[in-house]
Amino acid sequence: MLLTVTGGMLDAISFLGLGQVFVGMMTGNVVTFGFALGGAPLVTEPAPLLALTGFAAGVATTARVARRQQVAGCGRWFAAVLSLEFMLLLTAALLSAAPRAATGRHAVITVLAVTMGMRCAALRSLAVPELQATFALTGALIALLHDLCTGSAQPLRTVRRLGIIGATGTGAAAGAVALTHLGLGGALVTVALAVAALAVALQWRSAPAPAGAPSPVRGGCGG
């Protein structure tokens with residue numbers, strides 16, 4: 001849920017601070033790119049295409065590494081991905097401090113999109129039910145309403161789906177507040193620190209247990 005909050009923050013920061021482009025929710029970028037192809041006025045920016053390309057690169061690279069290393073279900077693997085995400089977010093924050101030329105803005109968009117692509121691919125390798133970061137929001141809403149209307153809702157799934165919807169909205173609000181009060185660079189650093197804290201917590205919970213003690217995380221990696 002906390003990861004979903006940070007994902008909502010990044011999309012809010014990118015949409016409000018980088019020119020109406022999403023770095024996580026690719027549906028919006030596909031639609032915006034379609035507007036540009038259709039000749040819609042004032043929609044000529046390459047940012048949606050850059051975000052789509054960066055996101056795809058992040059997913060493809062991380063998925064190949066996950067398959068090669070056979071890391072499905074490994075908490076320490078995901079902690080490593082979050083650590084890399086932390087460094088990329090700091091890189092984006094540094095790039096945002098440069099003069100606000102289009103080239104710098106496009107570089108920030110690309111780095112953030114790669115970051116979110118990596119996260120989504122890593123989350124998929126963990127196979128956590130209902131929690132697939134950015135692309136689960138619409139599915140969660142549909143599933144929630146469908147199950148409630150058909151009487152097939154299960155308490156745990158309902159809580160998870162409500163959590164996804166609420167966490168995304170909460171993250172968007174937090175991202176808007178951070179951008180307003182801290183600026184683009186400060187908002188990105190805030191997200192980076194939150195991700196770093198999650199990486200440390202996950203790494204600690206995934207650490208090997210002492211001899212004779214049960215592992216703190218079921219399904220953790222060995223070796």
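Heavy-atom basis, side chains included; hydrogens, waters and symmetry copies ignored.
When side chains are defined from C-beta on, Leu123 counts as touching Phe78, because their heavy atoms get closer than 4.5 Å. Between Thr53 and Thr110, every side-chain heavy-atom pair lies at or beyond the 4.5 Å cut-off. Between Met118 and Leu88 there is a side-chain heavy-atom pair separated by less than 4.5 Å. When side chains are defined from C-beta on, Leu18 counts as touching Leu112, because their heavy atoms get closer than 4.5 Å.
The shortest non-hydrogen separation linking Ala167 to Met1 is CB-O, 3.7 Å. Annotation for Ala107 and Leu95: closest pair CB-CD1, 4.1 Å, computed over non-hydrogen atoms. Contact between Ser14 and Phe22 at its shortest, heavy atoms only, is OG-CA, 3.7 Å. When all heavy atoms of Ile109 and Ala51 are compared, the closest pair comes out as CG2-CB, 4.0 Å. When all heavy atoms are compared, the tightest approach of Val59 to Ala121 is O-CB, 3.6 Å. Pairing each heavy atom of Ala172 with each of Ala12, the nearest pair is O-CB, 3.3 Å.
Here CE of Met116 is found 8.0 Å from CE of Met26. Values are rounded to the nearest 0.5 Å.
Hydrophobic clustering of Ile, Leu, Val, Met, Phe, Trp and Tyr side chains at less than 4.5 Å, counting indirect connections, keeps Val177 apart from Met9. Placement of Leu10 and Leu50 in two distinct hydrophobic clusters is found when ILVMFWY residues are connected by side-chain heavy-atom separations under 4.5 Å, directly or transitively. Residues Leu94 and Val114 are members of separate hydrophobic clusters, defined by side-chain heavy-atom contacts under 4.5 angstrom among Ile, Leu, Val, Met, Phe, Trp and Tyr.
Without hydrogens or angle criteria, Asn29 side chain to Leu49 main chain gives no donor-acceptor distance under 3.5 Å. Between the side chain of Asp11 and the backbone N or O of Gly24, at least one donor-acceptor pair lies under 3.5 Å. Under the 3.5 Å distance criterion, the side-chain polar atoms of Thr168 are left unmatched by any main-chain donor or acceptor of Gly8.
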Please tabulate, for side-chain N and O atoms in residues 181-196, each donor-acceptor pair with protein atoms closer than 3.5 Å (sequence neighbours left out).
| from | atom 1 | to | atom 2 | distance (Å) |
| --- | --- | --- | --- | --- |
| Thr190 | OG1 | Gly186 | O | 2.9 |

Worksheet entry | Derivation of the side-chain contact (heavy atoms from CB on, under 4.5 Å) call for Thr32 and Gln20 | CA-CA 9 Å; Thr32 304; Gln20 297 185 343; over 6 Å; no
Worksheet item: Between Leu82 and Glu85, is a side-chain contact (heavy atoms from CB on, under 4.5 Å) present by the stated rule, with each step listed?
Response: CA-CA 5 Å; Leu82 288 183; Glu85 179 179 331; 3.6 Å; yes
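The side-chain hydrogen bond (donor to acceptor under 3.5 Å, both in side chains) test applied to Thr6 returns Arg119, not counting sequence neighbours.
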